[in-house]
Participant: 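The structure's right below; bear with me while I get my questions together.
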Amino acid sequence: MKNIATFLLTVVLPIVIITIMLRDATKDNTLLDNLREEYAIPHIPSVDHSKHAELQRDFDDPHEITATCISCHTERGSEVLANAHWNWEREAYIEGRGVTYLGKRNLVNNFCTGILSNEATCNRCHIGYGWFDDGFDHNNPYNIDCLICHDNSGLYDKARGMAGYPVPGLDFQTIVQQVGRPEKDNCGYCHFYGGGGNNVKHGDLENALLNASWETDVHMSAEGANLECIDCHKTTNHQMLGRYYGVSSDNTMRATCEECHTSLPHTTKTLNEHAVTVACQTCHIPVYAKVNPTKMHWDWSTATDRIDGEPYEIIDTLGNLLYTSIKGDFHWVQNAIPGYTWFNGTADHHLISDVISENDSIIFINTLFGDAADPGARIYPVKVHTGRQPYDTEYRTIIQAKLWDQQPGMGALWVDLEWEEALAAGMEYIGMPFSGEYDFIDSKMFLMINHMVSPAEQALQCEDCHTRRGGRLTAINDVYIPAQTTNAAIDHFGVIMLLMATAGVVLHALMRFLARKKRTH
Amino acid sequence: MKQMKMVYLYSRYERFWHWTQAFLILFLALTGFEIHGSYRLFGFENAVHLHNNAAYILIVLIIFTIFWHFTTGEWRQYLPTGKNLKAQLDYYITGIFRNAPHPVKKTILSKLNPMQRLVYLGLKIIFIPVMVLSGLAYMLYRYQYDGVIHSSGFNDLYLIASIHTLGAYILLAFVIVHVYLITTGHSLTSNLRAMITGWEALEEETTDKETEQK
């Protein structure tokens, strides 16, 4: 009886107490509750534009609208003229290149490849009127299209192939009286449709965000924070936070989660410590393209095929365009799982003037810098878009094709379906040599995944990365990830030692047992 | 004539320490190898929390036990001796099968045989400290304090984790052999009973020797 009491006291009780102590503490979410409260207050405009005398009339010429805006907002014009949304290029220092002036204006990608020689159609998405070609005046504030960003009526629309001019016949009097802060559909008018259709380019930016469910995007969903784009992409004097590394290169003016959530958003310290190496997006955007598929691959090399002399299209049962004679083959993915890469906020780009080395079987449209040794780098989710696009086999440069024109016979690929003429016309426009010899080369482009944040419960769980095999971060092998990373030598040594200890013990016990039997006989 | 006498060998604290430490080390191994990715049991997050908390409790226990060792003088039990070390080894390799007597008599003043002295001392001054230090380094190579995430300066988690894993394998191998060797007492369970109740039947002649010395 005494023995049992002693056993309970010395063995069982401490273990019970320890087990109770090992349980985890409860959670506290004050930070998030405060944010919810702060962003629940609706924005009340200080101006009702329908009461302005200047706007009590109709307008024939959109430039006139801009002039009217600037007549009151006197300094806004010059702000916009200094803006990357306007210039489509930005000054940035790139390691190995020095100071560069890059942007949509002069960079290539592996979607529609680039705007040069295609401005009339591409630049429908420019915040200006009339950027038809390189003759556009970027210093004239009356070329600014204020409405594309500030129209709150939902009536404003830009015309196809008109380099940013609006569609004819708009009721400008109604539109100008309802201008205000940019809303989701202002930004989305261009940013949802990059690459030529909804969700084609980014994968995490598409028109489903206009009425997103809680699961699709906790920030933009009406059930969630119901935020506008500019709540995160905070703007001062038309300078917005936010970087798209298909065109940006430097680590400045980025829109970050930490703006609101601080760098210590979790109630568990272990998770906060993760944020030193892992970006918020990595765990909190487990999948993207949640509602509509996004383009993952674009093979230009199959374009210009015809059936009975006619261009054709192949569309799958879900309505995805798989092939079109003017563009080639596509792959689409819905609920896509991101790739993961180190990124320190700086990037390089493959310039159209860059020579492709003989050894390169693939070109990187952009390169995201950073690795485990870089204290400024973290692991980010990316969409990896692969392509196959034309290059000059003689001069070994990417070729910008002329894709579009108002009329046939001008060398536009989408109109005439002739590669050689399209390539020659594009390069001639840029003023770069074209040897006439061309082929197609594989290319890769990295697009950061920043939107479509999932509810916290759907964020990646520890085991999604902390697992021996098949984890999300299998490709990241320059940092120790518990459970994934192993020291093979130590594991082999350890397992052999345990096996030998066990075998030794079993063998010894067996010999004792046999020796004892022998004695008793 | 050898007579057996019940002797109170392990004080209440010593048994409390032993069993708590045994539980914690096994529990640390169980959760630790889950963190290592060897299997899934509690779930990774739970395993980490349990492992860290168990580690802190073990450290507290170790501090108390260091204090206990010095205040009671029990630390002398672990002073290594080369005397009879060979004899003890021979006993395990051959003598035990011939039912030969234990080469070293257990007494209150010398509870441990020469092999135990050496191995336990090794645990106390090498393996446990290495595990505690590498474990703390693993936990605290990055830590949150006063609203900032700090780094402790040594960022090579690969090295830290490798040392910690190696130590875990060694400790586990020790546990396997230890649990087996406690069956080599006077009876299969006499050592186990002693560590639970504190009392063990020891041979009388020890007390004779003590009186002789006096």
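Note on naming: letters A, B, ... go to the chains in the order of the sequence lines (proteins, then strands), and numbering restarts at 1 for each one.
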Participant: Should the heavy atoms of other residues, nucleotides or ligands under 6.0 Å from CD of A/Glu258 be counted, would the total exceed 12?
Facilitator: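 Count over threshold, so yes.
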Participant: Is it the case that the ring center of A/His508 lies less than 6.0 angstrom away from the ring center of B/Phe97?
Facilitator: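 Between B/Phe97 and A/His508, the centre distance is under 6.0 Å.
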Participant: Which of the residues B/Val48, B/Leu172, B/Leu181 is involved in the greatest number of heavy-atom pairs with chain A at under 4.5 angstrom?
Facilitator: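 Most heavy-atom pairs under 4.5 Å with chain A: B/Leu172.
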Participant: Kindly compute the distance separating NE2 (A/His466) from CZ (B/Phe44), expressed to the nearest 0.5 Å.
Facilitator: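 If we round to the nearest 0.5 Å, A/His466:NE2 and B/Phe44:CZ are 4.5 Å apart.
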Participant: Please state whether the side chain, the backbone, both or neither of B/Phe33 comes within less than 4.5 Å of a heavy atom of chain A.
Facilitator: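 Neither part.
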Participant: Any side-chain heavy atom of B/His36 sitting closer than 4.5 Å to one from A/Asp491?
Facilitator: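 Yes, at least one pair of side-chain atoms sits under 4.5 Å.
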Participant: As an exercise, state the distance from CD1 of B/Ile170 to CZ of A/Phe493, rounded to the nearest 0.5 Å.
Facilitator: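 B/Ile170 atom CD1 to A/Phe493 atom CZ measures 5.5 Å (nearest 0.5 Å).
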Participant: Could you check if a side-chain atom of B/Ile149 sits within less than 4.5 angstrom of a side-chain atom of A/Asn272, using non-hydrogen atoms only?
Facilitator: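 The answer is yes; the side chains approach within 4.5 Å.
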Participant: To the nearest 0.5 Å, tell me how far B/Met139 CE sits from A/Thr270 OG1.
Facilitator: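 B/Met139 CE to A/Thr270 OG1: 10.0 Å, rounded to 0.5 Å.
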Participant: Is the number of heavy atoms from other residues, nucleotides or ligands within 6.0 Å of OH (B/Tyr13) greater than 12?
Facilitator: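 Yes, the 6.0 Å shell around OH holds more than 12 heavy atoms from other groups.
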Participant: Let me know if B/Ile160 has heavy atoms under 4.5 Å from chain A in its side chain, its backbone, both or neither.
Facilitator: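 Contact with chain A is absent: no heavy atom of B/Ile160 under 4.5 Å.
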Participant: Is A/Val495 close to chain B through its backbone or its side chain, or both, or neither, when contacts mean heavy atoms under 4.5 Å?
Facilitator: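 Both parts, backbone and side chain.
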Participant: Which bit of B/Arg40 comes within less than 4.5 Å of chain A, counting heavy atoms only: side chain, backbone, both or neither?
Facilitator: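 Side chain only.
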Participant: Count the heavy atoms of every other residue, nucleotide or ligand shown that sit under 6.0 Å from NZ of B/Lys86, and state whether that count exceeds 12.
Facilitator: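 No - once you tally the heavy atoms of other residues, nucleotides and ligands closer than 6.0 Å, there are 12 at most.
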Participant: Using non-hydrogen atoms and a 4.5 Å limit, figure out which bit of B/Val148 sits close to chain A: side chain, backbone, both or neither.
Facilitator: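 It is the backbone, since no side chain atom gets that close.
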Participant: Who wins among A/Met500, A/Lys269, A/Arg468 for the most heavy-atom pairs under 4.5 Å with chain B?
Facilitator: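 With the most close heavy-atom pairs to chain B, the winner is A/Arg468.
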Participant: Would you say the side-chain atoms of B/Asp156 and A/Tyr480 include a donor-acceptor pair closer than 3.5 Å?
Facilitator: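 Distance-only check fails for B/Asp156 and A/Tyr480.
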Participant: Could you tell me which portion of B/Leu58 (side chain, backbone, both or neither) has an atom closer than 4.5 angstrom to a non-hydrogen atom of chain A?
Facilitator: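 When you check distances to chain A, no heavy atom of B/Leu58 falls under 4.5 Å.
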Participant: Measure from the side-chain N and O atoms of B/Tyr180 to the backbone N and O of A/Ala509, and report whether any donor-acceptor pair falls under 3.5 Å.
Facilitator: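 Yes.
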Participant: Without swapping roles, check the side chain of B/Glu45 against the backbone of A/Cys462 for a donor-acceptor pair under 3.5 Å.
Facilitator: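 The answer is no, because no donor-acceptor pair under 3.5 Å joins these two groups.
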Participant: Starting at CD of B/Gln144, measure out to CG of A/Leu271 and round the result to the nearest 0.5 Å.
Facilitator: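 Answer for the CD-CG pair, B/Gln144 versus A/Leu271, is 10.5 Å.
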Participant: With a 4.5 Å cut-off on heavy-atom pairs, point out which of A/Thr485, A/Thr467, A/Val276 contacts chain B the most.
Facilitator: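 With the most close heavy-atom pairs to chain B, the winner is A/Val276.
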Participant: Heavy-atom cut-off 4.5 Å, strictly under: side chain, backbone, both or neither for A/Thr502 against chain B?
Facilitator: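 Both parts, backbone and side chain.
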Participant: Which one, A/Ala275, A/Ser263, A/Gly494, leads in non-hydrogen pairs under 4.5 Å with chain B?
Facilitator: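 Heavy-atom pair counts peak at A/Gly494.
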Participant: Checking heavy atoms, do the side chain of A/Thr486, its backbone, both or neither come under 4.5 Å from chain B?
Facilitator: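 For A/Thr486, the contact with chain B is made by backbone and side chain together.
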Participant: Is A/Leu264 in contact with chain B via its backbone, its side chain, both, or neither, using a 4.5 Å heavy-atom distance?
Facilitator: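 For A/Leu264, the contact with chain B is made by the side chain alone.
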Participant: Side chains of A/Arg512 and B/Thr183: donor-acceptor distance under 3.5 Å anywhere?
Facilitator: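 B/Thr183 and A/Arg512 do have a side-chain donor-acceptor pair below 3.5 Å.
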Participant: Heavy atoms only: give me the nearest B/Ser162-A/Ile490 pair and the separation to one decimal.
Facilitator: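 Smallest interatomic distance, heavy atoms only, reads O-CD1, 3.2 Å.
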Participant: By a 4.5 Å heavy-atom criterion (distance strictly below it), what part of A/Ala489 contacts chain B: side chain, backbone, both, or neither?
Facilitator: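 The answer is neither part of A/Ala489.
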Participant: In terms of heavy-atom contacts, does NE2 of A/His492 have more than 12 from other residues, nucleotides or ligands at under 6.0 Å?
Facilitator: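 Open: at most 12 neighbouring heavy atoms sit under 6.0 Å from NE2 of A/His492.
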Participant: If you draw a 6.0 Å radius around OH in B/Tyr145, do more than 12 non-hydrogen atoms from other residues or ligands fall strictly inside?
Facilitator: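 Atom OH in B/Tyr145 is not packed in, count stays at 12 or less.
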Participant: Do the side chains of B/Arg142 and A/Thr277 get nearer than 4.5 Å, heavy atoms only?
Facilitator: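 Yes - at least one pair of side-chain heavy atoms lies under 4.5 Å apart.
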